[in-house]
2 protein chains.
Amino acid sequence: MILKSQVEWALHCCAILAGLPKGRYLSTKALAELHGLPKEYLSKALQSLSQASLVETTLGPSGGYRLAKPPSDINFLEIVEAVEGKARSFTCTNIRANNPCRPEGYCDSKPCAVARIMWEADEAWRDTLRRVRLSDLVGTLSEEVPADIWRSTFEWVLKRAG
Amino acid sequence: MILKSQVEWALHCCAILAGLPKGRYLSTKALAELHGLPKEYLSKALQSLSQASLVETTLGPSGGYRLAKPPSDINFLEIVEAVEGKARSFTCTNIRANNPCRPEGYCDSKPCAVARIMWEADEAWRDTLRRVRLSDLVGTLSEEVPADIWRSTFEWVLKRAG
DNA sequence: GAATTAAGGATATATCATATCCGAAAACCG
DNA sequence: CGGTTTTCGGATATGATATATCCTTAATTC
Ligand code: FES
Ligand code: FES
């Protein structure tokens with residue numbers, strides 16, 4: 001069970017977009033160059049964010065992506081689910097129904113106890129991600145990333161933002 | 001990100017093994033038949049449990065598997081990790097290092113804030129699984145599974161336990 | 001000695017992640 | 001208007017992993 005690398009890409013891209021001045025857009029090309037990623041494939045991740053209404057786009061030169069909501073209104077789970085899907089990590093194939101001792105046509109009233117526990121763990125994972133806002137991440141990064149790198153990065157970004 | 005179906009198989013098999021009388025073994029063949037699973041492939045999952053020292057085996061006719069510890073000493077996480085591996089679900093490929101604004105040879109002092117949050121969520125998932133013991137599962141099942149099915153299942157099992 | 005079993009290696013297949021390419025439509029710019 | 005730049009979606013190729021089967025070996029029972 002391994003998350004796709006798109007998750008890392010999407011989260012980092014959102015962190016950059018969160019630092020854009022109001023109304024400006026940043027292109028896939030710039031985001032790919034900044035993170036050293038394949039432009040075409042990163043584009044798929046950004047499309048997922050777009051379909052989830054987390055980012056807005058505009059076409060043409062000076063086009064690209066910007067956040068659709070303020071960073072304090074976006075949490076980690078939304079971003080992760082946008083690229084990874086909302087499906088639970090554990091899927092029950094109902095193997096208990098294969099028990100030869102069951103009466104013919106017996107129907108379970110509840111989901112299996114095993115599945116319920118696995119889903120509870122899944123929910124704990126989602127809860128943790130739901131509690132972290134994109135603005136929290138930006139706050140942490142601005143403290144931890146050395147000031148000169150932080151500043152020059154956004155200079156680099158602004159030079160390319162349409 | 002999806003767990004393998006072996007996880008469901010392993011958990012259900014452990015629940016059955018937990019109900020075996022002390023010292024008895026149950027074969028792969030019986031476990032596969034009881035759950036309607038491919039014997040050869042289920043065998044791989046049981047081998048994983050064996051390598052994790054969760055179950056013990058013996059060869060020959062009347063051989064098979066039994067728990068290596070009492071059900072109250074085995075938690076869900078041990079079983080899940082035995083078949084699924086202990087690797088974290090999020091892997092950081094350190095894309096921040098590709099930032100062209102970084103000074104040559106700059107070295108990060110901490111793991112990336114993004115990765116730390118994803119790992120925290122992963123840990124919440126593991127914590128939930130760690131807190132549920134195999135004996136808890138057996139307790140729940142014995143309450144929820146209709147008494148006649150529960151009883152006839154273990155009669156079925158005992159008939160095949162070596 | 002014959003039958004049964006777990007263990008492990010080799011292999012085949014299906015599904016999914018990763019990656020690239022192309023054409024269409026929209027926006028900007030001269 | 002025409003050329004350029006951009007997102008978007010579809011098609012396709014490749015690699016890794018999950019799923020599944022087969023076969024050999026060694027241990028155990030009878
Ligand atoms: S039958 Fe699917 S988890 Fe129990
Ligand atoms: S560089 Fe990997 S999560 Fe930030």
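In the text below, chain A, chain B and the rest are named by the order of the sequence lines, each starting its count at 1.
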To the side chain of [X], which of [options] is closest?
X: B:K4; options: D:dA18, D:dT6, C:dA17; result: D:dA18
X: B:L59; options: D:dT28, D:dT7, D:dT21; result: D:dT28
X: A:P61; options: D:dT5, D:dG10, C:dA17; result: D:dT5
X: B:W9; options: C:dA6, C:dA17, D:dA20; result: D:dA20

Base, sugar-phosphate, or nothing for [X], non-hydrogen atoms under 4.0 angstrom?
X: B:K29; answer: nothing
X: B:E56; answer: nothing
X: A:G64; answer: sugar-phosphate
X: B:S5; answer: sugar-phosphate

Item to complete: Give a yes or no on whether the backbone of B:N98 and the side-chain of B:R102 come within a donor-acceptor separation of less than 3.5 Å.
Response: no
OP1 or OP2 of [N] under 4.0 Å from side-chain N/O of [X]:
X: A:Q51; N: D:dG9; result: yes
X: B:T57; N: C:dA7; result: yes
X: B:Y65; N: C:dA7; result: yes
X: B:S50; N: C:dA7; result: yes

May I have the distance from [X] (atom [atom1]) to [N] (atom [atom2]), rounded to whole angstrom?
X: A:I2; N: C:dC16; atom1: CD1; atom2: C1'; result: 14 Å
X: B:R24; N: C:dT5; atom1: CZ; atom2: C1'; result: 17 Å
X: B:K39; N: C:dG8; atom1: NZ; atom2: C1'; result: 14 Å
X: A:K44; N: D:dT6; atom1: NZ; atom2: P; result: 17 Å
X: A:L31; N: D:dT5; atom1: CG; atom2: C1'; result: 16 Å
X: A:Y41; N: D:dA16; atom1: OH; atom2: P; result: 14 Å

Item to complete: First locate atom CD1 of A:I149, then atom CG of B:D108, and finally report the distance between them rounded to the nearest 0.5 Å.
Response: 7.5 Å
Item to complete: Look up atom CZ in A:F76 and atom SG in A:C14, then write down how far apart they are to the nearest 0.5 Å.
Response: 9.0 Å
Worksheet item: Does a side-chain heavy-atom distance below 4.5 Å link A:W119 with A:P111?
Response: yes
Worksheet item: Start at the 5' end of DNA chain C and walk down; is the nucleotide closest to B:S62 or to A:T58 reached first?
Response: B:S62
Practice prompt. Hey, which sits more toward the 5' end of DNA chain D by its nearest nucleotide, B:E40 or B:E84?
Written response: B:E84
Worksheet, complete the sentence: On DNA chain D, more 5' by nearest nucleotide between A:G63 and A:Q47 is A:G63
Fill in: Test side-chain hydrogen bond (donor to acceptor under 3.5 Å, both in side chains) applied to A:S43 and A:K39, A:Q47, A:E40, the passing residue
A:Q47
Fill in: Residue among A:K69, A:R126, A:K86, A:R133 satisfying salt bridge (charged side-chain N to carboxylate O under 4.0 Å, His left out) with A:E78
A:K69
